[in-house]
Asks: 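Below: one structure in C-alpha cells.
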Amino acid sequence: MYKTATRTTWKNEPIIDGKGIKIALHFTEEQFLNLKKGLIPHEMEDKWFIFFENDWLYFHRSWTGYGIFKAQLTKETKGYSITEFWAERKHEKYSNEDDNSDIEALCFLIAEGLLRVDARDIYLNNNIKSETDLIKGWSNFGSLLFPNQNVSDAERIFGITEKAKSVLFGVAIGDALGVPVEFKSREYLRANPVSDMTGFGTHKVPAGTFSDDSSLTFCLAEALVQEFDLNTIAQNFLRWCNDNYWTATGEVFDIGNATQEAMCQLAKGVKPELAGGTDSNSNGNGSLMRILPLVFYLLDKKSHERFEITKQVSSITHAHIRSVIACYYYLEFARQLLDGKDKFEIYNDLKQEISDDLLFFADIPSEIAWFDRLLKGNIYELPEEEIQSSGYVLHTLEASIWCLLTTENYKDAVLKAINLGDDTDTTGAVTGGLAGLLYGYNNIPTNWIAQIARHDDIVDLAERLAGKIAGR
C-alpha cells in the first residue's frame, strides 16, 4: 500500500534563502491526489523526500534534509495549478543559480517522482522548452528513485556507456599525461609545465602510454563485467603482473612496492582479502588509483555494503584502514557525481556523511583524524604549497579533490594535478577519473582520446561494462 508522506516522515529543513520563479503547471483532480501522496525514500541514497502540507509541496534532499524547492498548489475551476515556486539559493545548500534548470528539475521530480509519467509529457503539455531527456534525468536524479521510467534499453545503455567511457578514459588520459614526467619535482614542472600529451621522458614510452594505474583499473573493470568475485579481480591483477594483461605496450614498466608484495602473496595462494599489507607503512596509493570502476557495482548497495565491498577490493593490495577510507571517500564522491550533483555540494555533503559512516564502519578516531582536511576544512581554500603529491594515499586523495575543486574543466584539472610533480601519473589518473565523471566523456580533449594506447579496446570494455550494469 502507498504510504502518504508527511513532514514527520523524514528529516527536513526549511528553505533559507529562496527565490520565487514563475511557472505554469496544470493538473487534473486525479493528478492532484497523487501529488498529495508525496515521496518517501527507503533510505538516504534515494535522494529526495517530498511531502504535501497546507496546499504546498515541499522537496527536500534525503541525504541532508535541505529544502530545495517548494510550490503552492492553487484550486481552479478544473483541477489545480502551480504558478510560482521557490528554489533555495543559499550556496552551501544548493549551488544552482539557473532558473531554467530549476524549472526542468521541478518538472522532472513532479512527473517521474510523483505522477510516474514521462517527464517529457509535462514539458510538452505545459509548453515548457527543455533540453532535458530521460538519460539526463537518470543522471541527475537516479533511476532507482523512479522505477517506472519509460526509457528504452538502447537509451539507457548509451547513457551508462558514456559514463563508463568517462571513467576509463578519464583515468587513462590523466595517467598517460603524467607518465613522461613521473618523479619530476614541482620546481622542475613550474619551469617546464606539462600542457599536452607527450612521450618518452621518465619511462621512455610513446605518447599515450598508460601505466599500472590504468592497467589495474581495466583489470578491475574487466572482472566487473562478470559476476562480482574477489578471486576474479585478484587473478586479473596477477595476469597483469605476470603475463602483461591489459598493459599499454605488452610490458609492465611500473609497479609499486606494496602491489608487488601483494602479487607475491596472491601467487602463493593467499586469499585476496588477506594479500594486501596491513601496517601503516603500506599506505601507498596503489588501491586508490584503480578503484573507480567499482562505483558502478556499488550503485544499488547500501552504505554499509559499499564500505565493506570497498574494503575487500582495496585489501587485495592495500588493507590498512587508511587506504580503505581513502578509497571509500573517493568512491562516494564519484557516486554522487554520477547523480549529477554539483562538486561543492558533494564536498560539503560528504563532510557529514563520511564522518557519520566512519563512526559506524571504522570507529578508529586516530585514523579518521587523518582526513580532517577533507572532512572538517575547505581544502580548496588551501594554497598549492600546502598540497602534497607523493605516492602516499592521503596526499593523492587530497590533491585530486583540490584539483577538481579549483578548476572548471577536465583539461585544467588533470594538468593541474600532473604539474604538482612527484607521483604525476597517479595524481593525474585519480584526478582524471573524477573529472571525467564530472565533465563527461565529450569534454575530454579529443586529441588526447585519439592518442591513448588501446583506444578501441577501452571503448569495447566500457560498452561491455555498461551492458553488465544495464542488465541488472
Side-chain angles (χ1 to χ4, degrees), residues 167-168 171-172 174-176 178-179 182-183 202-206 208-226 228-279 281-294 297 309-320 323-324 326-327 391-393 396 423-430 433 452-454 457-458 460-461 464-465:
V167 165
L168 300 184
V171 169
D175 179 9
V179 163
E182 187 178 16
F183 310 129
T202 301
H203 296 286
K204 298 179 174 58
V205 291
T209 302
F210 53 78
S211 73
D212 55 333
D213 303 61
S214 302
S215 292
L216 290 172
T217 297
F218 299 148
C219 286
L220 173 57
E222 194 73 65
L224 295 175
V225 171
Q226 307 174 46
F228 177 82
D229 182 81
L230 215 58
N231 284 303
T232 301
I233 300 170
Q235 288 306 307
N236 280 357
F237 291 173
L238 267 180
R239 288 177 64 192
W240 161 76
C241 183
N242 297 331
D243 303 319
N244 302 314
Y245 180 59
W246 263 115
T247 55
T249 61
E251 177 186 7
V252 174
F253 61 84
D254 195 12
I255 183 170
N257 293 333
T259 299
Q260 178 72 74
E261 177 58 30
M263 296 302 105
C264 293
Q265 293 298 309
L266 290 171
K268 294 176 183 177
V270 174
K271 291 182 179 180
E273 62 270 31
L274 302 177
T278 58
D279 63 283
N281 292 322
S282 299
N283 277 312
N285 51 26
S287 62
L288 179 67
M289 71 186 191
R290 44 88 174 167
I291 203 76
L292 190 53
L294 190 62
Y297 179 73
I309 293 168
T310 300
K311 181 179 180 181
Q312 293 173 5
V313 176
S314 174
S315 294
I316 298 174
T317 56
H318 294 73
H320 191 274
S323 289
V324 174
C327 288
Y392 173 40
V393 67
T396 305
D423 199 2
T424 52
D425 58 335
T426 303
T427 310
V430 174
I452 206 72
R454 301 189 63 173
D457 291 334
I458 299 170
D460 175 69
L461 177 57
R464 288 185 289 115
L465 180 60

Asks: Before you tell me yes or no, could you show the steps for M289 and T396 under side chain to side chain contact (heavy atoms under 4.5 Å, CB included), namely the whole-Å CA-CA distance, both residues' side-chain angles and the distance that decides it to 0.1 Å?
Replies: CA-CA 9 Å; M289 71 186 191; T396 305; over 6 Å; no
Asks: Does D423 offer a backbone N or O that forms a donor-acceptor pair with the side chain of T427 under 3.5 Å?
Replies: yes
Asks: Residues in side chain to side chain contact (heavy atoms under 4.5 Å, CB included) with C327, at least two apart?
Replies: S287, L288, I291, T310, S314
Asks: Taking the side chain as C-beta and beyond, is there a heavy-atom pair between T202 and V179 under 4.5 Å?
Replies: no
Asks: Of all residues at least two apart in sequence or in a different chain, which pass the side chain to side chain contact (heavy atoms under 4.5 Å, CB included) check with D279?
Replies: N281, S282
Asks: Search all heavy atoms of T259 against all heavy atoms of G286 and return the closest pair with its distance.
Replies: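 Smallest heavy-atom distance, with atoms named: OG1-CA, 4.3 Å.
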Asks: Rounded to the nearest 0.5 Å, what separates atom CE in M263 from atom OG1 in T317?
Replies: 6.5 Å
Asks: On a heavy-atom basis, which atom in A275 and which in Q265 lie closest, and how many Å separate them?
Replies: O-CG, 3.8 Å
Asks: Identify the heavy atoms of D213 and A429 that sit nearest to each other, and give their distance.
Replies: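 Closest approach of D213 to A429: CB-CB, 4.1 Å.
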Asks: For the CG atom of L461 and the CG atom of D457, what is their distance to the nearest 0.5 Å?
Replies: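 Result: 9.0 Å between the selected atoms.
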Asks: Using 0.5 Å steps for rounding, measure from the CD atom of E261 to the NE2 atom of H318.
Replies: 11.0 Å
Asks: Is there a donor in the side chain of D254 and an acceptor in the side chain of S211, or the other way round, less than 3.5 Å apart?
Replies: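 Not at all, the side chains of D254 and S211 share no donor-acceptor pair under 3.5 Å.
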Asks: State which residue, out of L292, D175, L168, fulfils the side chain to side chain contact (heavy atoms under 4.5 Å, CB included) condition with T217.
Replies: L168
Asks: Would you say the side chain of I233 lies within less than 4.5 Å of the side chain of P272, judging by non-hydrogen atoms?
Replies: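 Heavy-atom side-chain distance check fails, nothing below 4.5 Å.
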Asks: What closest approach, in Å, do V393 and S323 show between heavy atoms, and which atom pair accounts for it?
Replies: CG1-OG, 4.0 Å
Asks: Indicate yes or no: at least one non-hydrogen side-chain atom of F210 is less than 4.5 angstrom from one of R454.
Replies: yes
Asks: Please list all pairs passing the side chain to side chain donor-acceptor pair (under 3.5 Å) test where one or both residues lie in residues 239-250, with sequence neighbours left out.
Replies: E222-W246
Asks: Could you give the distance from CZ (R290) to OG (S215), rounded to the nearest 0.5 Å?
Replies: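 The OG atom of S215 is 13.0 Å from CZ of R290, to the nearest 0.5 Å.
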Asks: Rounded at 0.5 Å granularity, tell me how far CD1 in I316 sits from CG in N231.
Replies: 8.5 Å
Asks: Could you give me the CA-CA distance, side-chain angles and deciding distance for F237 and D212, then say whether side chain to side chain contact (heavy atoms under 4.5 Å, CB included) is met?
Replies: CA-CA 10 Å; F237 291 173; D212 55 333; over 6 Å; no
Asks: How long is the gap from OH on Y297 to CG on L220, to the nearest 0.5 Å?
Replies: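 These two atoms lie 11.5 Å from each other.
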Asks: Which atom pair, heavy atoms only, marks the closest approach of I452 to G208?
Replies: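 Reported closest heavy-atom pair: CD1-O, 3.5 Å.
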Asks: Side chain to side chain contact (heavy atoms under 4.5 Å, CB included), that's the test. Do I458 and D460 meet it? Break it down for me.
Replies: CA-CA 5 Å; I458 299 170; D460 175 69; over 6 Å; no
